[in-house]
*Asks:* 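Take a look at this one; I'll ask things after.
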Amino acid sequence: MLEIREVTKKYGRKHVLDRINYQISRGEVIGLIGENGAGKSTLLQILATLMSPTSGQVLLHQQPYRKHVKQIRKKIGYVPQDIALWEDLSVKDNMVFFEKLSWVNKTEQQLKRICTDMQLNQWEEKVKNLSGGMKRKLNLAISLIHEPELLLLDEPTVGIDLKSRVEINGYLKGLAKQKGTIIVYTSHDMNEIKELCDRTLIIGDDPFYHDILDR
Amino acid sequence: MKQMDGFRIVSVLIRNHFKRLKGKWLSLPLVLLAPIILLSVIGYLVIAIVEQPTQQPIHVGIVNLDQTDQTNLLVHVMEEVSKSIDYIDLTSYQESDAEAAIAAEQLDAYLYFPRQFFSSLLRGESVELEVVGHPNKRLEGQLVQGFVDNIGDYIESAQANILTVDYYASTLLAEEERQLLLFEQFQSFFFHALAKDQALQEHEVQISLYHSPLVYFTIAIWFVLITIWLFSLYIILHKNEDRRMKKRMILYGLTDLHEAIALLITLLLIMIVLAISSFALIHYWLPLSLATDQLWFIALLVGLYIFIFSELFILIDYLPLSQRLKLIIQMLAMVGMLLLSGATIPQAYFPVSIQDEVGYLFANHVFTWLEQIILHGRFHAEFALLYGCSLIGIFLMVTGSVIRGRVK
Amino acid sequence: MMQLCIARLMLWKQHVLSYLFWLWLPLIGTLLFVPFIQDVSDEFLVPIGIVLEEETELAQQLYQTIAQVDTVNAEQFEEREAIRRLNRNQLDSVYLIPEGYQERIEHGEQRHLVEAYYTEHSLAYPYVKELVTSTILADTGKVKAESAVVGLAEAHQQPDKWNSDEILATAEQFYQASSILSTDLTISGEDQSLAEHDELKLYWQVWVLLSTLSTLFLFDWIITEKSQHVRIRFQYMKVSYRCFLLISLMMLLIMLLLVDGLTLVVLNVYRGEQLSILTLFSYRVMIAVFSFLLAMIWKNRYLYQATAISFVLWLTLINSSFKIEGEGHQLIQSMLPLNPLRAFLNDQASWRGLMLAVVGLVLWYAKEGGFYARNKRSN
Ligand SMILES: Nc1ncnc2c1ncn2[C@@H]1O[C@H](COP(=O)(O)OP(=O)(O)O)[C@@H](O)[C@H]1O
Ligand SMILES: [Mg+2]
């Protein structure tokens, strides 16, 4: 279970997140929604331990982040907004590279499985020759190597074709249902959120999003 | 997308170069100043070597551990000799006093005559004169060593002669008489050696308008400086374009040739300002006497030099090699050109085999004519080779950019 | 640990040819380049003109002696031609041996035996003049010694005891045997003598310059790599990115040291140029860490490479002893105590440089860690 308690974030004087309280249980898919610059990425980074809140705290399975950063990071899969891959390496080499550095040991078959499960089949292709959708898939696949209990995705489907988007979303749903992974997902596309997520958390106080959600 | 005409593209690129340079207001002066500092240090050293040092005399102590009549004479002679040399002042000392004097900075260095110095010499054994320098005055220590080396040469040449005399005298004379004779002979040979410069009757022939090599060195350093500036500017300007801006420009019909022309013009504009202002400083400082016509020749020579060198750099960048290799090639080209231009090593000292061919290198050509005009007061320069090189460069650039355009 | 090394190798594998090239460049470049430098620099000679107005033995001998000096290219000319060439700056200086040269020496004359012409551009004139006067001095000295011996014999009423040729021959022998007076410069309070360092190790000199350049180039991947987004993933890995970089530094260092070991063997055994292992080791660690830190600071790869080349050019300049004879070279050396390669070229281990490198590395590690602690983990 992931608990967000009174989380507030300020950049200097600028209030980005104001006393957010939220609880997410296993197997749930949560959508973070809000306009650009609302603070979605900020909250996601706080959840990903990449940033600490100005006040308030976050707990994963009753463990507070502040005390147990090391253990908690092992359970987190973070899919950054920017594509974080070795452009010069092949899909296979990217997977193997991060497997070597991760806490788990996997065979090449297991790694390839992760990719094929989300229809990423160009195993030997160099990343720089992949299409945007395939890059996004690999970006996600790498974050799954160590089988995280909490998966955080920052706009994972931005700017890609419909087919890849559907494939990625389908895969994520399956993951939550079968393995009980907690998934937090940001997007500014309402339809996508409605279709994929169990619940939605609106960041920022733009009444526009509240209205749409109510409808 | 509407095609922009070539002039517009080039002018946008040039304006962009200047905007970029303005953003580098801090690093740019540093880049330009660094070679000046470097070259003036080196130039100062070279001039200091050529023009004999005229600063404060160096104070040197002599510690004579041998204490025979002969070494005492030698020390005396050295003291006398040093009086006629401006830059060295010799005084004899006790060993302990000498060390104290060095510590108190009264002495810059001292030198030892080891025990048995003279008798070793007479026996034809090797001896060592040791110079001890002050830790903060290494340069002075080395000058002293040079001086002592000279004295050593005199002693050495006297030594062989004395040994000859001694070889024959030993069959004729008793021990005491022989020692006396050798002492006399040593004196005589030593003074003979001291006077060796008199063997030459020297005539100085003035071949340039200026009496000292200072003008030559200054012009040479200026030439090197301009080359280094050009290369530094090239590095700063080249490869510095904004990616996004470039993409947009490609839509308007930007090609490698536009970029090359813009870079050439920018470099030429900046370098002409730099060259003229630095030359004006030199002109005022030396001072040079040049007529207006000569100044025009110089301007044209240097302008073409900058132009051809920029072309060369750009052409090297067209090669399908890695960035590092291209940089190395450019650097080697620059160093090679400078070495063969006659500005770093005067052409007279070049190997005979390349003396003639080297004249076809544009850098050598330019420097030779600069020398002719500035040092020898000629009112003429030949430009055919330089025009030829520029045209070939332009031709290759056009070809290169077309080929590169195709490959892309 | 093993897995981390494999991971790094996977990244390097992409550019394996370029790494191999830069890794081996110093050794191969040195072996190819040094003979070339030697050939070329041997051909840079001081051109002087000799005018012989008489063909006597001593005159010929003077000409031959000067012609044999391997830094001088002495040619014989007619007087007018020689002066013409001097005026056109094609000769450094001209020496005219006038009619009656031998005779005057035999009469014990010493003044104005030879006429010398030079110009304000005769850079090597002091050097050549020294050469010529020393040669003349040896001749006049022998004659002087001979006359002293003859005088001695006459004073003892045995005028025919030795003949002149015999005496001159003896004198010549002593000349050959002499040249045993040497001078040595030490600095008060230091044991090492400066003169000992002057021994030229051309192979190592060239090697160290090439090696500095290639080491700087071998580390330039850091500049591109450190600014990539992929860095963020290391937060969830076994090791932090700085740790991964440190391991990479060690791996590269080990590879460089292996190549250095081979270089040492080749240059020591094959070329007979000795260098101590400690010197090489300390230089290698220093330059590798220095390059590593430099690449961490730099943002633009191209400017880093340009800086690297300029730096090496500067090192070449202050370390080159191309034809800069004796004093001048020493002068330049002594004006630049900041020469980072001085310890290496003197075959000394630079403990100070090594300390500096290690301290720099520790500071970098601490700062990089602090960065994460401040910005990423807990405020
Ligand atoms: N490191 C930072 N320093 C200062 N302000 C920041 C920083 N990162 C983000 N911001 C600001 O915080 C706000 C929220 O940013 P972000 O979380 O990226 O928004 P979103 O992902 O919802 O578009 C933005 O206005 C942004 O300008
Ligand atoms: Mg965002």
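Chain letters run A, B, ... following the sequence lines, proteins first and then strands; every chain starts at 1. None of these values were measured; they are calculated from a predicted model.
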*Asks:* Taking the side chain as every heavy atom from C-beta outward, state whether C:Leu313 and B:Met331 have any atom pair closer than 4.5 Å.
*Replies:* yes
*Asks:* Relative to chain C, which segment of B:Ala34 carries a heavy atom at a distance below 4.5 Å: side chain, backbone, both, or neither?
*Replies:*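 Nothing of B:Ala34, per the 4.5 Å heavy-atom cut-off to chain C.
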*Asks:* Are B:Tyr168 and C:Thr170 close enough that some pair of their side-chain heavy atoms sits under 4.5 Å apart?
*Replies:*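 Answer yes - side chains close enough.
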*Asks:* For C:Ser122, is it the side chain, the backbone, both or neither that has a heavy atom under 4.5 Å from a heavy atom of chain B?
*Replies:*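 Just its backbone gets close to chain B.
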*Asks:* Rounded to the nearest 0.5 Å, what separates atom CG in B:Leu327 from atom OG in C:Ser310?
*Replies:*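 So the CG of B:Leu327 and the OG of C:Ser310 are separated by 8.5 Å.
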*Asks:* Within this structure, what is the NZ-CD distance for the pair C:Lys144 and B:Gln185, rounded to the nearest 0.5 Å?
*Replies:* 6.5 Å
*Asks:* Taking every non-hydrogen pair under 4.5 Å, which of C:Gly141, C:Ser18, C:Ala306 racks up the most with chain B?
*Replies:* C:Gly141
*Asks:* Going from OG1 on B:Thr171 to CG on C:Leu152, what distance comes out if it is rounded to the nearest 0.5 angstrom?
*Replies:*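 Separation between the atoms: 8.0 Å.
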*Asks:* With only heavy atoms counted, which part of C:Leu86 is less than 4.5 Å from chain B, the side chain, the backbone, both or neither?
*Replies:* both
*Asks:* Please check if the number of heavy atoms outside C:Tyr19 that lie under 6.0 Å from its OH is greater than 12.
*Replies:* yes
*Asks:* Report yes if the side chains of C:Leu123 and B:Phe217 come closer than 4.5 Å at any heavy-atom pair, otherwise no.
*Replies:* yes
*Asks:* Heavy-atom pairs under 4.5 Å with chain B are the metric here; pick the option from C:Leu113, C:Leu137, C:Asn89 that has the most.
*Replies:* C:Leu137
*Asks:* Taking side chain as everything from C-beta outward and backbone as N, CA, C, O, which of these in B:Leu375 sits under 4.5 Å from a heavy atom of chain C? Side chain, backbone, both or neither.
*Replies:* side chain
*Asks:* Is it the backbone or the side chain of C:Ala138 that comes under 4.5 Å from a heavy atom of chain B, or both, or neither?
*Replies:* neither
*Asks:* Does atom CH2 (C:Trp298) have a neighbourhood of more than 12 heavy atoms from anything else shown, all under 6.0 Å?
*Replies:*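 No.
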*Asks:* Under a 3.5 Å threshold, yes or no: a donor from one side chain and an acceptor from the other, between B:Thr164 and C:Lys142?
*Replies:*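 No donor-acceptor contact under 3.5 Å links the two side chains.
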*Asks:* Hey, could you give me the NE2/CZ distance between B:His376 and C:Arg88, rounded to the nearest 0.5 Å?
*Replies:* 11.0 Å
*Asks:* Just by distance, do the side chain of B:Arg324 and the backbone of C:Gln305 share a donor-acceptor pair under 3.5 Å?
*Replies:* no
*Asks:* Determine the option with the most heavy-atom pairs under 4.5 angstrom with chain B, choosing from C:Val94, C:Asp92, C:Thr119.
*Replies:* C:Thr119
*Asks:* To the nearest 0.5 Å, what is the distance between CG (C:Leu210) and CD1 (B:Ile328)?
*Replies:* 8.5 Å
*Asks:* Please name the pair of heavy atoms, one in B:Asn161 and one in C:Ala145, separated by the smallest distance, quoted to 0.1 Å.
*Replies:*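 B:Asn161 and C:Ala145 have their closest heavy atoms at OD1-CB, 3.9 Å.
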*Asks:* Locate the shortest heavy-atom distance separating B:Ala348 from C:Pro47; write the atom from each residue and the value.
*Replies:* O-CG, 3.1 Å
*Asks:* Do B:Tyr210 and C:Glu120 have side-chain heavy atoms sitting under 4.5 Å apart?
*Replies:*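 No - every pair of side-chain heavy atoms lies 4.5 Å or more apart.
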*Asks:* If I measure from the heavy atoms of chain C, does B:Ser353 come under 4.5 Å with its side chain, its backbone, both, or neither?
*Replies:* side chain
*Asks:* For C:Val312, which atoms come within 4.5 Å of any heavy atom of chain B: side chain, backbone, both, or neither?
*Replies:* neither
*Asks:* What is the distance from atom CG of B:Leu200 to atom CG of C:Leu96, rounded to the nearest 0.5 Å?
*Replies:*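 These two atoms lie 11.5 Å from each other.
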*Asks:* Looking at C:Tyr117 and B:Val205, what are the two nearest heavy atoms and their distance?
*Replies:* CD2-CG2, 4.2 Å
*Asks:* Could you tell me which non-hydrogen atom of C:Phe44 sits nearest to which non-hydrogen atom of B:Ile345, and how far apart they are?
*Replies:* CE2-CD1, 3.9 Å
*Asks:* Side chains of B:Tyr349 and C:Leu45: does their closest heavy-atom pair fall under 4.5 Å?
*Replies:*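 Heavy-atom side-chain distance check fails, nothing below 4.5 Å.
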*Asks:* Do B:Glu202 and C:Tyr125 meet the criterion of a side-chain donor-acceptor pair at a distance under 3.5 Å?
*Replies:* yes
*Asks:* Most heavy-atom pairs under 4.5 angstrom with chain B, which of C:Arg301, C:Glu146, C:Glu130?
*Replies:* C:Glu130
*Asks:* Would you mind checking which part of C:Ile136 comes under 4.5 Å of any heavy atom in chain B, side chain (CB onward), backbone (N, CA, C, O), both or neither?
*Replies:*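 The side chain, not the backbone.
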*Asks:* If you tally heavy-atom pairs under 4.5 Å against chain B, which of C:Gln110, C:Gln90, C:Arg111 wins?
*Replies:* C:Gln110
*Asks:* Would you find more than 12 non-hydrogen atoms of other residues, nucleotides or ligands less than 6.0 Å from C:Phe33 atom CZ?
*Replies:* no
*Asks:* For residues C:Glu43 and B:Phe350, determine if any side-chain heavy atom of one lies less than 4.5 Å from a side-chain heavy atom of the other.
*Replies:* no
*Asks:* Are the side chains of B:Phe231 and C:Ile309 in contact, using a 4.5 Å heavy-atom criterion?
*Replies:* no
*Asks:* With distance as the sole criterion, is a donor-acceptor pair present between the side chains of B:His203 and C:Glu115 under 3.5 Å?
*Replies:* yes
